[in-house]
Student: 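Handing you a structure now.
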Amino acid sequence: MAKLILKRLLVSVFILLAVSVVVFAATLLLPGDPARAILGQQATEERIAALQAELNLDRSPVERYFLWLGGLFVGNFGTSSATGGPVTDLLGERITASLVLMLCAALIAVPVGLAIGIFSALHRGKRADQAVTWGTLTLAALPEFVIGIALVTLFATSVFRILPAVTMSPPGQQVWEIPTQLILPTLTLALVVIPYIIRMMRATMAEVMDSGFVEMARLKGVPERRVILRHAVPHAIGPVAQVVAIQLAWLAGGVVVVEYLFRYPGIGQALIDAVTYRDVQVVQAISIIIAAVYVVVNLLADIVGILANPKLRSAS
């Protein structure tokens with residue numbers, strides 16, 4: 001088991017390095033000169049040349065990549081061309097705001113998805129199961145911005161008007177200090193993720209309920225509640241952990257669209273602003289952070305799957 005976990009860890013490191021190469025190469029294709037963007041169009045060529053040397057822009061792409069990669073290991077993401085300050089200062093509060101949003105969505109999506117999936121599996125073929133199936137198929141077919149617009153229309157504009165349509169925190173105040181601002185973006189992210197968790201949990205739980213060891217537990221007279229909670233659910237969690245991880249990792253990328261829709265002050269909004277203003281260092285930093293979240297979450301899911309599956313634990 002230790003070898004398998006170590007192998008997954010090495011693969012994750014390799015994937016992150018590959019992603020860093022792709023991200024850096026992609027940002028090289030963005031038009032504009034970061035040094036000129038920082039100093040403005042009226043700057044002299046001497047000042048631009050001096051700043052290019054300070055930012056290592058006068059070096060070859062290979063040298064610049066390794067200098068940038070080395071900075072990542074010490075927490076130095078470079079200098080923002082929009083503000084002229086360190087990228088870490090620009091992204092500090094935005095990363096925290098995005099993590100709060102993703103955590104709230106995960107705390108809703110995971111238990112709700114697992115619970116509804118178990119309920120649907122225990123009522124296979126009945127009207128409740130059919131309603132869940134059609135509901136999940138409908139939600140899964142809708143993009144996140146459609147769900148977000150529908151929630152805004154329902155709760156913030158035309159019908160109830162009980163929640164703010166966009167995030168409007170006063171200067172110096174954290175977005176989570178006004179909880180009502182978190183409700184619509186959190187529900188949007190949760191409703192996008194929940195259908196996939198439900199469908200996977202239902203399929204896995206139905207398979208486990210038909211397995212031999214569950215039937216044996218019933219023949220021994222074990223109460224049905226205990227059969228479900230002690231025998232069926234633990235064996236179904238392992239395979240579902242992979243899907244849950246993929247959906248939670250999706251939150252790191254899907255949050256970009258949702259944050260833009262609700263004007264939420266997180267890394268998604270920062271990424272869109274950085275692309276708009278050709279702030280290359282910020283684009284690189286946010287892209288690698290999203291990739292790191294994706295890889296780490298999937299690595300944790302692999303470890304959970306290994307611990308929950310005896311076959312994987314004994315694999316070499």
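These values consider heavy atoms only, across backbone and side chains, with no hydrogens, waters or symmetry-generated copies.
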Student: Quick check: do W176 and T96 have side-chain heavy atoms less than 4.5 Å from each other?
Tutor: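 Touching, per the 4.5 Å side-chain cut-off.
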Student: Would you say L191 and L151 make side-chain contact, with heavy atoms under 4.5 Å?
Tutor: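 With C-beta onward as the side chain, the pair touches.
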Student: Is it the case that atom CZ in R124 sees more than 12 heavy atoms from other parts of the structure closer than 6.0 Å?
Tutor: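 Buried by this count: over 12 neighbours within 6.0 Å.
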Student: Check the hydrophobic clustering (I, L, V, M, F, W, Y; side-chain heavy atoms under 4.5 Å; chains of links allowed) and say if L271 and L261 are grouped together.
Tutor: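 L271 clusters together with L261.
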Student: Mind checking the CD1-CG spacing from I267 to L99? Nearest 0.5 Å is all I need.
Tutor: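 So the gap between those two atoms works out to 7.0 Å.
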Student: Please examine the side chains of L69 and F73, heavy atoms only from C-beta on, and report whether any two atoms are closer than 4.5 Å.
Tutor: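 Side-chain contact under 4.5 Å: yes.
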Student: Give a yes or no on whether the backbone of D210 and the side-chain of E215 come within a donor-acceptor separation of less than 3.5 Å.
Tutor: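 Looks like no, no N/O pair under 3.5 Å.
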Student: Going hydrophobic residue to hydrophobic residue with side-chain gaps under 4.5 angstrom, can you get from V255 over to V295?
Tutor: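 Shared cluster, yes.
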Student: With distance as the sole test, does Q269 use its side chain to make a donor-acceptor pair with the main-chain N or O of R263 at under 3.5 Å?
Tutor: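 Looks like no, no N/O pair under 3.5 Å.
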Student: Please examine the side chains of M209 and I228, heavy atoms only from C-beta on, and report whether any two atoms are closer than 4.5 Å.
Tutor: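 Touching, per the 4.5 Å side-chain cut-off.
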Student: Answer yes or no: is there a donor N or O on one side and an acceptor on the other, between the side chain of T157 and the main chain of V152, under 3.5 Å?
Tutor: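 Flag set: sc T157 to bb V152 pair under 3.5 Å.
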Student: Heavy atoms, side chains only, cut-off 4.5 Å: are S98 and E259 in contact?
Tutor: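 They are in side-chain contact.
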Student: Would you call L114 and V240 a side-chain contact if the rule is heavy atoms closer than 4.5 Å?
Tutor: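 When only atoms from C-beta onward are counted, V240 and L114 do touch, with a gap below 4.5 Å.
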Student: Are any of the side-chain heavy atoms of P179 and I183 separated by less than 4.5 Å?
Tutor: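 The answer is no, as the side chains (C-beta and beyond) never meet within the 4.5 Å cut-off.
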Student: What's the spacing between L184 CG and I149 CD1 if we round to 0.5 Å?
Tutor: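 One finds 12.5 Å between CG of L184 and CD1 of I149.
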Student: Does the Y264 side chain pair with the main chain of A97, one donor and one acceptor, at a distance under 3.5 Å?
Tutor: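 Judged by distance alone, yes, a pair lies under 3.5 Å.
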Student: Going by heavy atoms in the side chains, are Y196 and V244 under 4.5 Å from each other?
Tutor: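 No. Closest side-chain heavy atoms not under 4.5 Å.
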Student: Closest heavy-atom contact between A206 and A121?
Tutor: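 Closest pair (atom of A206, atom of A121, distance): N-CB, 3.9 Å.
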Student: Give, for atom NZ of K126 and atom CZ of F119, the distance between the pair rounded to the nearest 0.5 Å.
Tutor: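 CZ of F119 is found 9.0 Å from NZ of K126.
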Student: Can you pull the side-chain hydrogen bond (donor to acceptor under 3.5 Å, both in side chains) pairs that have at least one residue in residues 128-141, sequence neighbours excluded?
Tutor: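 Every pair satisfying side-chain hydrogen bond (donor to acceptor under 3.5 Å, both in side chains) with a residue in residues 128-141: S120-D129, D129-R202.
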Student: Should we say atom CZ of F14 is surrounded by more than 12 heavy atoms from elsewhere, each under 6.0 Å from it?
Tutor: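 Open: at most 12 neighbouring heavy atoms sit under 6.0 Å from CZ of F14.
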Student: Looking only at non-hydrogen atoms, find the nearest pair between T167 and P265 and report the distance.
Tutor: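 Minimum heavy-atom separation between T167 and P265: CG2-CD, 3.7 Å.
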Student: Output, in order, the C-alpha distance, side-chain angles, deciding distance and verdict of side chain to side chain contact (heavy atoms under 4.5 Å, CB included) for V258 and V192.
Tutor: CA-CA 11 Å; V258 174; V192 175; over 6 Å; no
Student: Is F160 reachable from L187 through a run of hydrophobic residues whose side-chain heavy atoms are each under 4.5 Å from the next?
Tutor: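 As far as the 4.5 Å side-chain criterion goes, F160 and L187 are connected within one cluster.
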Student: Return yes if some donor-acceptor pair links the side-chain N/O of R226 with the main-chain N/O of P223 below 3.5 Å, else return no.
Tutor: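 Answer holds: no.
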Student: Give me the atom names and distance for the closest heavy-atom approach of L189 to A105.
Tutor: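 Between these two residues, the closest heavy atoms are CB-CB, 3.7 Å.
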Student: Minimum heavy-atom separation for I197 and Q247, please, with both atom names.
Tutor: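 Distance-wise, the nearest heavy atoms are CG1-CG, 4.3 Å.
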Student: Is there a path of hydrophobic side-chain contacts, each under 4.5 Å between heavy atoms, that joins V21 and I289?
Tutor: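 As far as the 4.5 Å side-chain criterion goes, I289 and V21 are connected within one cluster.
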Student: Minimum heavy-atom separation for G266 and R94, please, with both atom names.
Tutor: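 Shortest heavy-atom separation between G266 and R94 comes out as O-NH1, 3.2 Å.
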Student: Is it possible for you to say whether I118 and V112 belong to one hydrophobic cluster, with membership spreading through side-chain heavy-atom contacts below 4.5 Å?
Tutor: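 No, separate clusters.
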Student: From I194 CD1 over to I116 CD1, what is the distance, rounded to the nearest 0.5 angstrom?
Tutor: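 Spacing of CD1 (I194) from CD1 (I116) equals 6.0 Å.
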Student: OG1 of T88 to CD of Q281: how many Å apart, nearest 0.5 Å?
Tutor: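 T88 atom OG1 to Q281 atom CD measures 11.5 Å (nearest 0.5 Å).
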Student: Should we say atom CD of E63 is surrounded by more than 12 heavy atoms from elsewhere, each under 6.0 Å from it?
Tutor: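 For E63, atom CD is crowded (more than 12 foreign heavy atoms under 6.0 Å).
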Student: If we ignore hydrogens and angles and just use 3.5 Å, is the side chain of S12 paired with the main-chain N or O of L299 as donor and acceptor?
Tutor: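 Checked: no pair found.
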Student: Taking the inter-plane angle between the rings of Y65 and F24 on a 0 to 90° scale, is it parallel (under 30°), tilted (30 to 60°) or perpendicular (over 60°)?
Tutor: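 Aromatic pair Y65/F24 classed perpendicular.
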Student: Can you tell me if F77 has over 12 outside heavy atoms packed within less than 6.0 Å of its CZ?
Tutor: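 More than 12 within 6.0 Å, yes.
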Student: Once you round to the nearest 0.5 Å, how far does CG of L16 lie from CD1 of I288?
Tutor: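 With rounding to 0.5 Å, CG (L16) is 6.0 Å from CD1 (I288).
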Student: What are the two closest non-hydrogen atoms of L91 and A285, and how far apart are they?
Tutor: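 So the two residues come closest at CD1-CB, 3.9 Å.
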